[in-house]
There are 2 protein chains.
Amino acid sequence: MKSKITLKELAKLLNVSVSTVSKALHDSPEISPKTAERVKELASLHNYKPNPVAVNLKKSKTGTIGVVIPNISNSFFARVLSGMEAEAQKHGQQVITYISNESLEREKQICDMLTSGFVDGVLIAVSEETQKKQIYDHLFGLLDYDIPVVIYDRINLGLPADKIGVDDEKSFYDATKFFKAKGLEKIGLASAIHHVGIGQLRIKGYEKALQKDDSSFMATSTKPDDLKRKIKILITEEKVEALLCTDFESAIMATRVAYEEKINIPKDLKLIGYISKDIAEFLTPSLSYIEQHPQELGSNAINILNNRIEGKYQSGKFEEEIIATTLVHLESTRF
Amino acid sequence: MKSKITLKELAKLLNVSVSTVSKALHDSPEISPKTAERVKELASLHNYKPNPVAVNLKKSKTGTIGVVIPNISNSFFARVLSGMEAEAQKHGQQVITYISNESLEREKQICDMLTSGFVDGVLIAVSEETQKKQIYDHLFGLLDYDIPVVIYDRINLGLPADKIGVDDEKSFYDATKFFKAKGLEKIGLASAIHHVGIGQLRIKGYEKALQKDDSSFMATSTKPDDLKRKIKILITEEKVEALLCTDFESAIMATRVAYEEKINIPKDLKLIGYISKDIAEFLTPSLSYIEQHPQELGSNAINILNNRIEGKYQSGKFEEEIIATTLVHLESTRF
DNA sequence: CTGAAAGCGCTTACAG
DNA sequence: CTGAAAGCGCTTACAG
């Protein structure tokens with residue numbers, strides 16, 4: 001076992017000062033080529049690596065970014081995290097992950113802890129509970145401590161911070177228009193997240209796309225049984241020709257109801273869901289979905305945060321980036 | 001904005017020394033109650049929190065744990081991470097996430113970086129490529145630097161480190177026996193991960209459970225089309241009565257083939273998959289699955305690592321914990 | 001009971 | 001070109 005060697009030990013072995021070693025390893029022009037050579041040789045022989053904790057203390061930064069995730073089992077957030085991690089690596093930064101489990105209490109604890117200075121900046125998607133109760137004191141707490149914060153995905157909260165999100169409204173506007181252009185008249189919507197911001201935006205897009213004389217058909221509920229009942233009414237009684245689903249639960253539930261009621265997808269019912277690619281492609285039939293480009297969202301979030309950290313943005317003015325979605329057609333929208 | 005206050009500033013305001021402040025905040029018996037009181041009051045007034053980077057430097061530790069994940073979109077690993085994060089929080093530790101994307105090269109970079117001392121210990125599930133090529137030098141690199149490593153989930157590599165995994169072999173042994181007990185004779189297996197350790201263990205469990213005179217029926221391939229073709233043969237020509245699927249891909253593919261061939265699940269074909277609860281419950285029909293208790297795996301992994309870090313285990317002897325799986329029956333195994 | 005000093009491992013302005 | 005010194009923010013053995 002090679003125990004980690006320090007600058008001091010290296011200096012002693014070389015009979016030079018610690019400062020000389022440090023400068024040599026940083027290619028300082030102050031150091032003679034000969035000395036630099038000697039130092040580097042021994043350093044690489046001993047596999048010297050500077051202690052990051054010491055470097056960070058000296059530089060008054062941590063080199064890490066805190067990411068707060070409401071629910072990691074949600075494949076969307078998992079992919080966002082993946083994009084963040086990849087981008088952070090490029091900048092030599094570490095990603096510390098915190099999972100709020102959609103709980104305000106947990107989110108408060110996390111934010112509170114982050115004010116101690118564990119991270120150089122924070123990326124957060126607020127929990128459902130936080131959105132519902134609209135309590136944002138803990139976020140202001142971070143801002144008070146001058147810790148840069150970028151809000152991602154769930155961005156319509158009116159907070160004074162940089163934001164990056166997905167074009168939720170337009171995605172459903174476009175999807176609805178797509179069906180109308182195909183001549184469908186009864187276009188429905190199902191949602192288990194109608195009570196949260198992103199759900200509302202998607203619904204808004206749907207409603208905007210309908211003409212004044214179009215009726216809207218909505219099945220919304222957070223309770224599976226209730227949602228199922230409502231979707232069943234839409235499909236069997238109202239006989240909608242297409243259904244837009246704002247989330248995983250409602251999309252799967254719609255598939256299920258169609259299966260149970262022997263409604264053929266896509267012949268009798270077209271379906272579009274807000275679900276992730278790996279699942280959409282594997283469903284039976286495969287489900288047309290709205291691609292949100294989560295990895296891109298993640299990597300861009302890191303970049304916005306880093307720009308903020310490096311003072312590249314004007315203070316008091318906030319960035320807001322919206323990522324365009326893509327409607328991907330699979331079997332469930334085959335005409 | 002409250003800029004972070006330091007011990008030194010606090011000391012100056014109180015007209016005492018830095019040492020006194022530090023001791024007072026740590027409830028040292030050396031300090032008079034009166035002074036302690038004064039110090040704590042001012043500290044809480046200014047919301048003082050020790051700079052974690054400085055504390056860590058002093059204590060020669062980082063307070064963080066590195067977690068290497070092959071694929072975060074895999075819901076199993078997402079849940080494992082969630083369990084790790086929750087447990088780490090209990091110990092006041094931070095989780096730094098690294099995603100290898102099943103790439104040996106990336107995994108090497110990560111391990112190499114971790115030797116610099118970013119973390120107190122590492123939890124790793126090695127990538128598929130690493131397993132296939134059986135190159136473990138980078139892991140020995142970590143061990144050389146005396147960084148504690150716990151290998152999770154993909155544990156049958158013969159490496160000198162603590163391990164925690166799932167009882168892959170027994171899970172499929174039990175599942176096969178279950179079908180046999182129900183009187184089924186043609187029990188098949190489908191796999192897209194037959195080339196990696198955990199896949200092999202699951203297959204082994206299946207084979208062990210078959211009597212000498214039972215035939216085995218296997219459809220294995222990493223290529224979707226090829227796998228589909230083979231599953232189709234099993235279902236339509238061999239007419240297996242039940243199918244055990246070792247992974248998400250094969251489970252979904254089996255559902256799909258059954259659908260396309262108009263084979264009714266569970267009437268004509270029983271299905272069990274190694275997929276996660278949230279997906280299993282939502283499929284149509286819902287898919288009986290093997291629960292691996294990923295969160296428990298995650299939290300136990302943290303505990304093993306911490307025990308190792310704290311020297312609670314004998315060095316040179318390694319822990320190996322196996323978590324028992326549970327077979328959860330949903331619609332696809334209804335008799 | 002309080003404080004000066006050393007030190008964790010590094011970087012960098014300054015002196016020589 | 002090299003090194004002594006100060007300092008990042010903290011903790012703790014030691015002296016008084």
Side-chain angles (χ1 to χ4, degrees), chain A residues 2-40 42-43 46-64 92 115-120 145-147, chain B residues 2-40 42-43 46-64 92 115-120 145-147:
Chain A
K2 335 164 190 166
S3 70
K4 272 190 67 71
I5 195 166
T6 65
L7 267 195
K8 207 203 242 177
E9 291 161 340
L10 231 35
K12 191 185 251 176
L13 288 172
L14 288 161
N15 261 317
V16 295
S17 72
V18 171
S19 359
T20 301
V21 178
S22 175
K23 286 175 192 159
L25 294 175
H26 286 86
D27 290 318
S28 159
E30 289 183 33
I31 303 297
S32 76
K34 224 179 71 189
T35 312
E37 173 80 3
R38 277 181 64 217
V39 171
K40 286 186 177 175
L42 194 73
H46 286 272
N47 220 316
Y48 170 76
K49 303 201 183 130
N51 177 331
V53 178
V55 175
N56 289 338
L57 177 59
K58 187 68 203 169
K59 300 205 168 154
S60 301
K61 55 155 206 155
T62 65
T64 62
T115 60
S116 311
F118 282 100
V119 298
D120 293 337
Y145 276 96
D146 212 28
I147 297 175
Chain B
K2 335 163 191 169
S3 72
K4 271 188 68 71
I5 195 166
T6 65
L7 267 195
K8 209 202 240 176
E9 290 161 342
L10 231 36
K12 192 185 251 177
L13 288 171
L14 288 161
N15 262 317
V16 295
S17 72
V18 170
S19 356
T20 302
V21 177
S22 175
K23 285 175 193 163
L25 294 174
H26 286 87
D27 290 317
S28 159
E30 289 183 32
I31 302 298
S32 76
K34 224 179 71 189
T35 312
E37 172 80 4
R38 277 182 64 218
V39 171
K40 286 185 177 175
L42 193 74
H46 287 272
N47 220 316
Y48 170 77
K49 304 202 184 130
N51 177 331
V53 177
V55 175
N56 289 338
L57 177 59
K58 187 67 202 168
K59 300 204 169 156
S60 301
K61 54 154 205 154
T62 66
T64 63
T115 61
S116 310
F118 282 100
V119 297
D120 293 336
Y145 276 97
D146 213 27
I147 297 174

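In this structure, the side chain of K49(A) does not engage the main chain of T115(B) through any donor-acceptor pair within 3.5 Å. With hydrogens and angles ignored, the 3.5 Å screen pairs a side-chain donor or acceptor of S28(B) with a backbone N or O of E30(B). At least one donor-acceptor pair under 3.5 Å links the side chain of H26(B) to the backbone N or O of S22(B). With T64(A) contributing its side chain and F118(A) its backbone, the two residues share a donor-acceptor pair below 3.5 Å. Remark: the backbone N or O of T20(B) is not paired with any side-chain donor or acceptor of T35(B) at under 3.5 angstrom. Remark: the backbone N or O of K61(B) is not paired with any side-chain donor or acceptor of D120(B) at under 3.5 angstrom.
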Dot-bracket for DNA chain D, 5' to 3', counting Watson-Crick or G-U wobble pairs under 3.5 Å, with [ ] for crossing pairs and | for inter-strand pairs? |||.||||||||.|||

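In this structure, the side chains of N47(A) and Y145(B) come closer than 4.5 Å at one or more pairs of heavy atoms. Residues K58(B) and L57(A) fail the side-chain proximity criterion, which asks for heavy atoms closer than 4.5 Å.
Between the CG atom in N51(A) and the CG atom in L7(A) there is a gap of 10.0 Å [rounded to 0.5 Å].
Atom CG in N56(B) sits about 11 Å away from atom P in dT11(D), given to the nearest Å. At whole-Å resolution of the value, CG in D27(A) and C1' in dC1(D) are 16 Å apart.
The residue P33(B) sits close only to the backbone: its heavy atoms come under 4.0 Å of sugar-phosphate atoms, none of a base.
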What pairs of nitrogen or oxygen atoms, one from the protein and one from nucleotides 2-4 of chain D, lie under 3.5 Å apart?
unit_1 : atom_1 : unit_2 : atom_2 : d
dT2(D) : OP1    : T35(A) : OG1    : 2.7
dT2(D) : OP2    : S32(A) : N      : 3.3
dT2(D) : OP2    : S32(A) : OG     : 3.4
dT2(D) : OP2    : T35(A) : OG1    : 3.0
dT2(D) : O4     : E30(A) : OE1    : 3.1
dG3(D) : OP2    : S17(A) : N      : 3.1
dG3(D) : OP2    : T20(A) : OG1    : 2.9
dG3(D) : O6     : K23(A) : NZ     : 2.1
dA4(D) : N7     : S19(A) : OG     : 3.2
dA4(D) : N6     : S19(A) : OG     : 2.9

Please list each protein N or O that sits under 3.5 Å from an N or O in nucleotides 6-10 of chain C, with the distance.
unit_1  : atom_1 : unit_2 : atom_2 : d
dG7(C)  : N2     : K58(B) : NZ     : 2.7
dG7(C)  : N3     : K58(B) : NZ     : 2.9
dC8(C)  : O2     : K58(B) : N      : 3.4
dG9(C)  : N2     : A54(A) : O      : 3.4
dC10(C) : OP1    : Y48(A) : OH     : 2.7
dC10(C) : OP1    : N51(A) : N      : 3.0
dC10(C) : OP2    : L7(A)  : N      : 2.6

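Closest approach of N56(A) and G63(A) over heavy atoms only: OD1-N, 4.3 Å.
Nucleotides dG7(D) and dA4(C) have their P atoms positioned 16 Å apart, rounded to a whole Å.
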